[in-house]
Amino acid sequence: KEVLIGGAACETGMQAPLDTPGINGAKVAVKYLNDEKGGILGRPVKFVNLDGKSDPVTVGNSALEVIAQGAEFIIAPCDFDFGGPASMAAQDAGIVGMSLCASDPLFSSWSLGDKQFTLSMWNTTMSATAAEFAYNEKGWKTAYVVTDQIIAYTRSLSEYFLVHFDAIGGKILLEDTYTNGDNDFSAQLARLKALDEEPDVIFISSYGIDIALITKTLREAGITAPILGGDSYDDPSVWEALGTKFGSDVYFVTHTWMGSAEGHPDMPEFVKLYTDYHGSAPDTAFVATGWDTVMLFAQAAEIAGTTDGAAVAKALEDNEFNLLTGDLDYSNAADGHYPYKAAALVGLTEGNPSFLGWRNPENPPAP
Amino acid sequence: MKIINNENTFSILFFLILFIIIYFVNFFVGSAIFERTVTNLFIYIILVVGLQVFMGNSGILSFAHIGFMSIGAYSSGLLSMPIKMKGFVLRDLYPIFENVAFDPILSILIGGIFTAIIAAILTLPLMRLNDAAAVISSFALLMVIHSIVVGWSAVTNGPRTFFGLPKATTLEIALIFSFLTVIFAFIYKNSKFGLLLRASRDNDIAAESIGANIVYLRWFAIIASAFLAGIAGGLWGHFITSFSPKSFYLKETFLVISMIIIGGSFTVTGAIAGALLVTIGYEFLRWTEKVIKFSDVITFEFIGLTEIVLSITIIIFLITKPKGLFPFKEIGDTINKIIKKE
Amino acid sequence: MKLSCEKITVDFVGLRALDQVSLSVKTKEILGLIGPNGSGKTTLLNTIGGQLKPTKGNIFKDNLDITEFTPQHRVKNGLARSFQIVRTFDSLNVFENIKSASLVSNMNYSDKIKFCDEIISYLNLDRIKHVLANTLNYGDRRRVEIARAMATDPDFLLLDEPAAGMNDDESEILLTMLREIPNKFNLGILIIDHDMSLIMKLCDRLHVLDSGKTIAEGLVDQVKTHPDVVKAYLGEGFKNENA
Amino acid sequence: MFLQYIVDVLSLGSLYALFALGLVLVYGILKLVNFAYGELVLVIGYSIFLLKGSPFPWFFMAGTAIVMSIVFSIFTDYVAFRPVREKSVTAVLITSFAFATLLQNAALLLISAKPKNVPMPSFLSDSVQFLGVITPVRNLISIFVTFLCLIIFYQFMKRSTLGLAMRAAATNFNMTRMLGIPANLVITSAFAMSGLLAGIAGTLWMSKIANVFPGVGLEPLLIAFIATVIGGMRSVHGAVLGGFILAFIDMSFNYLLPQDILKFRDVFTFSIVILILLIRPQGLVKGPATGIRT
Amino acid sequence: MLLKHTLEKDLKMRMLEINNLQVNYGPVIAVKKVDLFVNQGETVVLLGANGAGKSSTLLSIAGVANKLLGKVEFSGKDITKFSPEKILTLGIATVPENRDIFPDLSVKENLVLGGYINRKKNNILQDTIEEVYNLFPILSERNSQVAGTLSGGEQQMLAIGRALMSKPKILLLDEPSLGLAPTIVEKIYEHIEQLKKNTNLTILLVEQHAMKALSIADRVYFLRLGEIVSSGKASDLKEKTDFKKIYFGE
Ligand SMILES: Nc1ncnc2c1ncn2[C@@H]1O[C@H](COP(=O)(O)OP(=O)(O)OP(=O)(O)O)[C@@H](O)[C@H]1O
Ligand SMILES: Nc1ncnc2c1ncn2[C@@H]1O[C@H](COP(=O)(O)OP(=O)(O)OP(=O)(O)O)[C@@H](O)[C@H]1O
Ligand SMILES: [Mg+2]
Ligand SMILES: [Mg+2]
């Protein structure tokens with residue numbers, strides 16, 4: 001009997017740009033497992049994703065649906081708000097659920113249960129990396145922070161940045177908020193302009209195309225400070241929207257680098273597999289999260305010798321894994337399944353990304 | 001006044017039997033997904049029948065209903081959420097709520113009452129508006145409620161997912177609540193208040209001229225309607241256990257309004273029929289989507305197809321039956337007629 | 001009992017629709033309100049029914065000043081009306097139309113139902129008792145409106161062109177019905193109509209308006225030949241026909 | 001700062017006003033809210049997006065997109081309004097919403113769920129600076145185009161009996177035809193004009209947000225909707241005024257409200273809507289009187 | 001006295017002719033079988049009890065009722081399938097039973113729309129409006145009032161005035177005296193006579209008040225339950241007839 005991997009990731013709605021690459025990556029991994037590795041535990045692997053539609057309720061329904069069909073592993077959307085319901089369903093069914101890339105520390109065994117994981121580093125790591133890059137490497141002493149209120153991810157990303165930037169000596173000039181989908185930033189702009197000094201760096205914690213929109217608005221208003229953000233920037237449509245005109249002096253922290261073997265020695269091989277499968281090369285690091293999610297489950301199941309939820313969870317807790325998105329080591333359930341992981345740093349020039357290397361923050365803030 | 005007339009009795013009996021049949025069908029199917037669908041259906045029946053109490057009898061389209069539902073869902077969730085979960089979900093919660101964790105069903109009832117109180121306060125001045133102004137003000141009310149839910153992070157977790165509610169709503173509970181709702185709707189419709197409100201729906205000036213106080217009639221109806229929406233919200237919240245403000249927004253509003261209009265808003269039968277029909281349609285399409293996805297036959301992506309088919313069906317349906325399936329007559333009237341003929 | 005208007009004036013934008021009109025109706029009396037089109041008859045009825053507030057003047061039910069009362073409140077004080085443009089409750093059946101009106105009266109429930117049934121059979125509506133109002137023809141609708149007004153158990157019945165759209169035979173039947181109502185139900189009637197044969201046969205007294213002013217009032221025979229009335233309203237033709 | 005504020009209000013307001021005018025054309029006449037109105041912006045966005053690879057100049061693409069907007073507006077009439085218009089007002093509400101859902105999901109199915117970049121000529125986002133105001137050229141163009149459109153529109157409506165015929169056709173379709181007025185054509189032309197205005201406004205909107213996704217229509221719809229309610233649902237002047245007032249309200253809230261309260265901005269905006277409905281159900285500008293008699 | 005439908009087709013020009021007309025509203029058959037004609041310059045009146053199908057017959061000529069069967073000819077042209085707007089353009093104007101004025105438009109605007117087909121000819125439009133105002137002076141006083149707030153009778157006048165605006169060749173009048181004061185009724189009938197004389201207007205009239213209508217009519221048709229049961233010269237019926245018998249059958 002085949003091993004069914006069930007997905008409730010979002011193919012439509014605001015979450016789609018982050019989840020769809022993951023789904024695509026996962027498909028490649030499934031094919032690879034079946035073709036090259038004889039499946040998982042000798043059983044063929046099948047992956048079915050039912051669209052979660054960027055709506056927690058639908059995500060929950062989809063997860064239940066795939067579980068009812070016999071799924072033994074759940075792939076949850078890339079975010080706590082959307083992914084949580086899928087993991088809760090998985091937890092109820094006693095199987096392991098893993099988010100493609102939820103990075104909010106809320107996505108932990110504390111809140112979801114002892115069989116739930118996220119593949120991503122937590123925002124503690126992501127924000128600390130950004131803060132240290134700004135202050136230590138670039139010498140930017142003052143920051144202006146805009147937080148999108150839309151999901152837990154955007155909020156906690158800012159939160160940890162504020163804490164860490166402050167902790168290592170930086171100065172926050174102003175914290176500002178808005179909610180995704182507001183197409184008007186005149187308020188934020190007005191407040192920014194009212195500051196006595198221009199900030200050295202602007203940290204924008206937002207989501208999707210809004211990143212480009214805010215950046216554009218800032219630049220159009222004559223503000224030239226560099227822009228810094230998290231993995232949601234790792235989205236080619238954002239880069240395209242920024243274009244050559246606005247796509248410079250933008251930096252972000254993400255999961256890995258797809259462009260070359262600098263990201264990971266196996267990367268070129270993955271890129272080739274991916275290209276063979278989908279007909280075009282991967283364009284964001286999020287495809288790697290999909291591949292890794294499936295491979296991680298496969299490795300853990302092989303170690304455990306079973307797909308049983310508790311056993312796989314234990315295997316995940318007790319071992320270290322070498323992944324395209326870096327080396328990963330989970331803490332045990334009592335400590336929240338903290339993902340010990342490094343972060344990749346990428347910069348944009350005229351809309352084109354370039355790899356700045358792996359970073360590992362020294363003292364990330366506590367979750 | 002004699003409330004349980006023939007029409008009421010037959011209709012209520014009919015739905016009692018129907019609900020029990022559905023219950024037993026579920027029992028024999030025995031699938032978790034099916035049970036989930038049926039439970040959801042019963043909750044929707046509460047919602048749509050509750051909407052019918054106001055909208056059907058007063059003739060005023062109300063958009064605010066889903067907003068009331070969200071008040072019920074959030075307030076009951078706030079009351080019943082285990083203290084530990086509150087630490088995760090609502091980190092800025094006001095201290096008075098921090099140590100509250102009531103029984104879920106009690107919370108749902110309190111949520112319903114709370115919703116009714118809020119509705120009573122908010123809607124009284126709006127009840128004198130007619131036509132477009134009334135519809136639009138209810139739309140604005142939905143937006144106000146939605147924006148408050150989105151903005152008031154301390155108790156709702158803002159636009160983010162509100163989770164951690166105990167799963168307390170079972171099929172049986174949903175069934176009982178929805179049956180009570182149906183009984184209430186029928187009794188109300190044929191009561192003095194219901195009749196006068198229906199009169200005012202047809203002609204407000206004439207209704208005033210026979211002594212109807214339209215503002216209070218409407219007000220009473222919308223409070224009752226909001227109470228039911230609040231209960232439905234609470235039940236739904238304790239069934240789904242995690243949701244976000246988006247779960248109570250335009251798409252859901254139109255889903256509910258489609259249900260009532262497809263069924264026929266003037267009748268309780270219509271409201272139930274609409275809920276049934278749309279749910280069946282929706283679930284059928286979802287089922288098809290799922291079967292196709294699992295079958296490996298069709299590999300291209302067809303996201304959005306469900307909605308497309310559903311919208312086309314709704315349009316075609318409304319073109320052929322613009323007044324709905326049960327425009328004037330309750331099922332009980334028809335049964336009554338058949339019986340009398342024999 | 002007595003219903004009276006005192007010096008009612010109603011102004012619309014750029015138009016004085018009623019100018020110091022006073023009239024009164026007593027129980028068991030039928031007063032006809034006639035006048036050319038646009039002379040303010042319906043406007044007066046609207047002020048009495050409470051659908052319109054007079055600019056000046058007062059309305060009394062016996063000694064009670066009801067000028068500021070809402071329409072609902074007036075119903076409770078014994079006023080009921082029909083409308084020039086029919087306003088039946090179209091999605092309710094005939095019985096419900098009438099029952100809804102009886103709900104505000106002070107009777108107990110079973111009396112109310114009995115009373116409704118009495119009115120229904122009095123106005124020959126039994127046949128269509130369970131028919132939805134929106135499928136009725138014009139004449140039936142008019143009678144449903146009258147029945148509905150009567151169901152509130154009023155002291156005064158205000159009727160606006162109840163015979164409009166009826167042919168000669170139908171207005172004849174209506175006439176016989178209306179004539180009996182004041183005594184049978186112990187109330188007074190204020191009626192507007194342009195069907196002069198109905199009005200002349202039905203009314204005890206007439207009140208004539210022209211351009212918002214009273215031009216004549218009194219017993220039917222006096223008013224009928226009043227030169228102003230003939231000139232403004234009845235026309236020479238009428239005089240000839242009835243001569 | 002103050003001048004900046006004025007320019008911001010004017011440029012945003014002119015966009016809002018155009019959107020509102022397009023909506024009120026259908027609403028004020030048919031007394032029916034066209035919930036598929038926002039989808040015209042979607043049509044505009046995807047039309048330009050799909051023409052991206054073509055060799056045509058940008059203005060040609062925009063022109064084509066506006067034509068598509070007109071076509072879809074007329075299409076809305078045929079699919080969602082015409083068949084049910086006479087029979088049930090509430091049904092129209094649902095059919096127009098269903099039609100909107102249909103278009104959104106068609107975009108989802110045929111194009112993509114992801115936001116797509118809409119190409120815009122780069123001069124639109126060049127900033128200009130005058131009197132201490134920094135603003136992209138786009139904003140000035142919005143103001144100019146809107147005023148031009150308004151002038152043309154008013155002149156046209158003043159000179160033709162079309163406006164009258166539209167209102168007549170909406171109140172009593174058959175009677176209108178019995179007067180020799182081609183009522184169907186008249187209503188279609190209302191939708192066409194609505195599509196044209198939404199098309200122009202939508203293009204300007206696209207130049208602002210520069211991307212298109214299936215849900216893009218909601219915000220313009222809400223804007224148009226609120227603006228018409230504030231200004232007056234039965235009056236074209238009211239709608240235009242409402243657009244500017246809404247922009248003024250939004251901007252003032254943006255500039256004045258502290259952050260914690262700003263997130264409740266929509267609460268205030270919609271409360272204002274409700275207040276206006278309570279005090280003046282007709283909106284600030286009354287529009288022609290209605291013939292409702294007691 | 002019953003007159004059979006035996007009137008010879010006279011040599012006068014045939015303006016309107018209906019053959020074997022059948023009209024339905026959903027399941028309701030409102031008109032079963034109607035044959036009638038109207039000659040140029042004639043006034044023909046259609047009598048019958050409530051619900052006999054008089055209004056439906058008029059509406060089907062105007063092109064807005066659902067014709068199941070039959071043929072309508074105007075000046076020899078088959079107009080059965082014509083659209084209402086086309087029919088008006090041919091010169092057939094209708095005053096419908098429930099007036100159907102546009103309540104939200106002003107009196108003037110209602111009249112302007114009545115003259116829609118002459119909208120390009122400004123002077124004709126103005127003159128016709130003047131004519132209507134002369135006929136109904138109260139309308140000119142109410143010129144800019146929205147029509148819905150007019151009194152019942154004023155609305156009726158407006159409906160008639162509006163129909164006259166298109167300068168029709170034939171006027172279909174459905175109960176024009178409804179709700180009108182006796183003087184006005186007289187005036188309207190006078191005016192109709194006048195128009196007949198001056199412009200050779202043809203009229204098809206439906207009335208509840210039979211005697212009044214017969215006084216100006218040339219010919220009469222009786223309708224019972226959707227069928228023509230009798231017809232004849234109006235002058236033959238001038239003395240008191242028991243219409244009830246004809247309306248309802250013996
Ligand atoms: N809301 C209003 N605004 C302006 N004028 C109005 C309004 N309502 C009524 N009128 C005018 O007031 C006058 C009196 O109207 P009313 O309806 O009382 O006349 P009426 O005597 O009932 O006439 P009819 O016999 O034709 O029904 C009319 O000329 C009418 O046009
Ligand atoms: N819109 C409609 N829907 C359904 N039935 C209708 C409709 N209009 C008319 N009827 C029916 O068609 C029949 C003929 O109606 P019509 O109005 O033509 O009669 P009429 O002779 O003009 O009557 P009246 O003297 O009352 O005006 C009646 O039985 C009526 O009930
Ligand atoms: Mg009147
Ligand atoms: Mg008729």
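Note that this is a predicted model, so its numbers are computed, not measured. Sequence lines set the chain letters: A, B, ... in the order given, protein chains first and strands last, and positions in each chain run from 1.
- A donor-acceptor pair is defined here as one N or O able to donate and one able to accept, closer than 3.5 Å; no such pair exists between the side chain of C/Asn37 and the backbone of E/Gln155.
- Between the NE2 atom in E/His209 and the CG atom in C/Asp168 there is a gap of 6.0 Å [rounded to 0.5 Å].
- For the pair C/Leu15 and E/Glu141, the minimum side-chain heavy-atom distance is 4.5 Å or more.
- The minimum heavy-atom distance linking C/Pro36 with E/Ala181 is given by the pair CA-CB, 4.0 Å.
- Interface summary for chain C: among E/Val28, E/Asn98, E/Leu178, the most heavy-atom pairs under 4.5 angstrom belong to E/Leu178.
- Residue E/Ser151 comes nearest to C/Gly38 through the heavy atom pair OG-N, 3.2 Å, listed as atom of the first residue, atom of the second, then distance.
- Partners of C/Phe95 according to the ring pair (Phe, Tyr, Trp, His ring centres under 6.0 Å) rule, which considers only residues two or more places apart in sequence or in another chain, do not exist here.
- Atom OG of residue C/Ser39 and atom CD1 of residue E/Ile138 lie 8.5 Å apart, to the nearest 0.5 angstrom.
- The ring pair (Phe, Tyr, Trp, His ring centres under 6.0 Å) search around C/Tyr233 returns C/His194, not counting sequence neighbours.
- With a 4.5 angstrom heavy-atom cutoff, C/Lys231 touches chain E only via backbone atoms.
- Within a 6.0 Å radius of NZ in C/Lys53, more than 12 heavy atoms belonging to other residues, nucleotides or ligands are found.
- The minimum heavy-atom distance between E/Pro182 and C/Leu234, with the atom names listed, is CB-O, 3.6 Å.
- Neither the backbone nor the side chain of C/Ala163 comes within contact range of chain E; no heavy atom of the residue lies under 4.5 Å from a heavy atom of that chain.
- Annotation for E/Lys187: atom NZ counts as buried by contact number, over 12 foreign heavy atoms lying within 6.0 Å.
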